[in-house]
Each structure stands twice: as structure tokens, then as C-alpha cells.
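All chains are named by letter (A, B, ...) in the order of the sequence lines, taking the proteins before the strands, and each is independently numbered beginning at 1.
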There are 2 protein chains.
Amino acid sequence: MMRRMARAATTSDVFNAIAEPQRREILILLRTGERPVTELAQELGMTQPGASKHLRVLREVGLVRVREAGKQRLYGLDARGLRPVHEWTGGFERFWNESFDRLDAYVQDLKQARQEGSN
Amino acid sequence: MMRRMARAATTSDVFNAIAEPQRREILILLRTGERPVTELAQELGMTQPGASKHLRVLREVGLVRVREAGKQRLYGLDARGLRPVHEWTGGFERFWNESFDRLDAYVQDLKQARQEGSN
DNA sequence: TTGACGCATGCCGATATCGGCATATGATGA
DNA sequence: TCATCATATGCCGATATCGGCATGCGTCAA
């Protein structure tokens, strides 16, 4: 039945897949070329099962591809799935590039009120 | 001690904040201007407490700002926090725009393998 | 065939998430 | 002051997440 879901399945949503810092690191690393799981785990300081699990998530949302190479499984980047995210955030570009009526007033307000650095 | 965290705190990470579909909808809606909570909840078909909670997360990562207006609290967009996400994904742009050596090989490989093997 | 390697998966525990509901808090106006 | 509106928060239950560990399974080499 699955009436309620605590969160959109990480496995079906690129936004969710890249919400995990380690998974983002994997993607970055894979920009330099494909890697077998163990090597990847080693370079990122994670356990092999840990790497495998993250890779699975990435695979399921289509951000990586696997290629069998004998004993190994070479994981490679497939960044096409990141494009929608890029475009989605791009839809807000003008809101951070231009200074807006209300927005601008806010910003000035805040800059004065807080020092903005705290976090 | 908090040795292990099941996930990066949603409250400290913009990536995580926008991993939630409803929160993304809120951000989109707020592009057209600020809104009091109830109106926002109504327009997006969510309960008032639900809206408040999502707004809290968005506030804590700095994606929205609140302005007190008498009884109401007007929430407005602050898209600056989306810029890092845009840039991060942008770092993968050439991987989906250009056709790459290895990448290309993969694709060809897969096309062949599927035609032959047909799992 | 056997053993070692590479990897995936299953189970567990701790914790976080999300929605619903009730309720607390705060401002407004009669 | 008191009722009311607007919002925030607390608690709950169901579920998902993530890391660690053990183990299963396939591949290769001797």
C-alpha cells in the first residue's frame, strides 16, 4: 500500500541522489575517468560496501554507468541527468543576478541587520 | 556525541533542502512574489503546518526570508543559495554537451551489448 | 577445482524525514 | 480583556537513510 512516504525515493530522483555529499564526491571523481569500485572507495576514504551502495543509487537515477571488465566493474559518469538540475536552478538566475524591488529592499535590510557571516 | 548521521542535516545543506519536491514548488511559487503562509499552503494544496515546516527548512538554509506584516509573515524568495548548486552542476556541463572518448565508447558498447546479449 | 579477488547485497542500529493532528504563541481588533 | 486569525511547534507513527559488518556470488589464475 505504501500510504505515506517519508521522502521521495532517493532512487527515483536525481535531486535526492545528489543531496548526499559522498555521492557528489563520487561524481566529481568520475569526471577524471572511470574507476573500479575498490579504487574509488579508496580514493574517497570509504568502505567498499559503502561505495557500492552509493554507486547503486547513482546508477538507478542514471548518473553513472557500469562496464564489466573481468573481475572489475568500471563505473563511469553519465552527467546527462544533471542537466535538469542545472536548468531548474537556472530558472532562478535572474533572482540572484538582478536586484529586485522587494528583494533588494530585503537584502539591504539584512545586510545591515546581520553581518551575514555567522553561519 | 552524535557519532553517525543518517544523512547530512537537511537544515544545513541547500542540496538537501531542494531535494524535497514540495519545497521546490514553494520556491517556484515564490518567484512570483512573497506570500503569507496560509495562502502559500492553499495554493500548493498543503496543510498550514506542513507549509510552515517546509518554510522553516528553506529559511534555515537561507533560500527564503520572512518579513513580519502584522498578523502575517510574508515569505519571500532569496535565490542566492541556489547559485552554488547551479555552478556545481555546471561543472558537469561539458560532460553532457560534448561526446567523449570513453563516454562515447560506453554508449557504443552498450548499444552493441544489448543487441547481442538481449538479457 | 580451488582459492583469492572484486563487488553486491542483506541485516542491523541509530537517526532523520515527512505528514497529520493538536496545541502553543503572537498579533489584531472588538 | 477576550475572541479570533495567522503561524509555529511539539508529538506521533510509518518509513527511509546511512554506515558497519558479514556474507553471497561471480571471475580469474594457479
Over how many whole Å does the gap from [X] atom [atom1] to [N] atom [atom2] extend?
{"X": "Glu20(B)", "N": "dT15(D)", "atom1": "CD", "atom2": "C1'", "answer": "14 Å"}
{"X": "Leu58(B)", "N": "dC18(C)", "atom1": "CG", "atom2": "C1'", "answer": "14 Å"}
{"X": "Asn16(B)", "N": "dA16(D)", "atom1": "CG", "atom2": "P", "answer": "17 Å"}
{"X": "Arg23(A)", "N": "dC18(D)", "atom1": "CZ", "atom2": "C1'", "answer": "9 Å"}
{"X": "Asp13(A)", "N": "dT17(D)", "atom1": "CG", "atom2": "C1'", "answer": "14 Å"}
{"X": "Glu25(A)", "N": "dC18(D)", "atom1": "CD", "atom2": "C1'", "answer": "15 Å"}

Looking at Gln22(B), is its backbone amide N or carbonyl O close enough to the side chain of Glu20(B) to form a donor-acceptor pair, meaning the two atoms are under 3.5 Å apart?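 Yes, the answer is positive, given that a donor and an acceptor are paired below the 3.5 Å cut-off.
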Test item: Arg73(A) side-chain N/O and Arg35(A) main-chain N/O as donor-acceptor pair under 3.5 Å: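 No.
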Electrostatic pair Arg24(A):Asp13(B) at N-O distance under 4.0 angstrom: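 Here Arg24(A) pairs with Asp13(B) in a salt bridge, since their nearest N and O are under 4.0 Å apart.
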Protein-nucleotides 5-8 of chain D N/O pairs closer than 3.5 Å?
from	atom 1	to	atom 2	distance (Å)
dT7(D)	OP1	Val37(B)	N	3.1
dT7(D)	OP1	Arg73(B)	N	3.3
dT7(D)	OP2	Thr38(B)	N	2.9
dT7(D)	OP2	Thr38(B)	OG1	2.4
dA8(D)	OP1	Arg73(B)	NE	3.4
dA8(D)	OP1	Tyr75(B)	OH	2.5
dA8(D)	OP2	Ser52(B)	OG	2.5
dA8(D)	N7	Gln48(B)	NE2	2.8
dA8(D)	N6	Gln48(B)	OE1	3.2

Rounded distance [0.5 Å steps], CD in Glu87(A) versus OG1 in Thr89(B):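 So the gap between those two atoms works out to 9.5 Å.
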For Tyr75(A), run the side-chain hydrogen bond (donor to acceptor under 3.5 Å, both in side chains) check against Arg65(A), Arg67(A), Arg59(A) and tell me which one passes.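 The single option meeting the side-chain hydrogen bond (donor to acceptor under 3.5 Å, both in side chains) with Tyr75(A) is Arg59(A).
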Can you find a side chain N or O atom of His54(B) that sits less than 4.0 Å from OP1 or OP2 on dT17(C)?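 No.
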Applying a 4.0 Å non-hydrogen cut-off, can you work out what Gly50(A) is touching in the nucleic acid: base, sugar-phosphate, or nothing?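 Nothing, no heavy atom under 4.0 Å.
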Answer with base, sugar-phosphate or nothing: what part of the nucleic acid does Gln22(B) contact at a heavy-atom distance below 4.0 Å?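 The answer is sugar-phosphate, as Gln22(B) gets under 4.0 Å only of primed atoms, P, OP1 or OP2.
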Any ring-ring contact (aromatic ring centres under 6.0 Å, His included) pairs touching residues 14-70 of chain A, not counting sequence neighbours?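 Pairs touching residues 14-70 of chain A that pass the test: Phe15(A)-Trp88(A).
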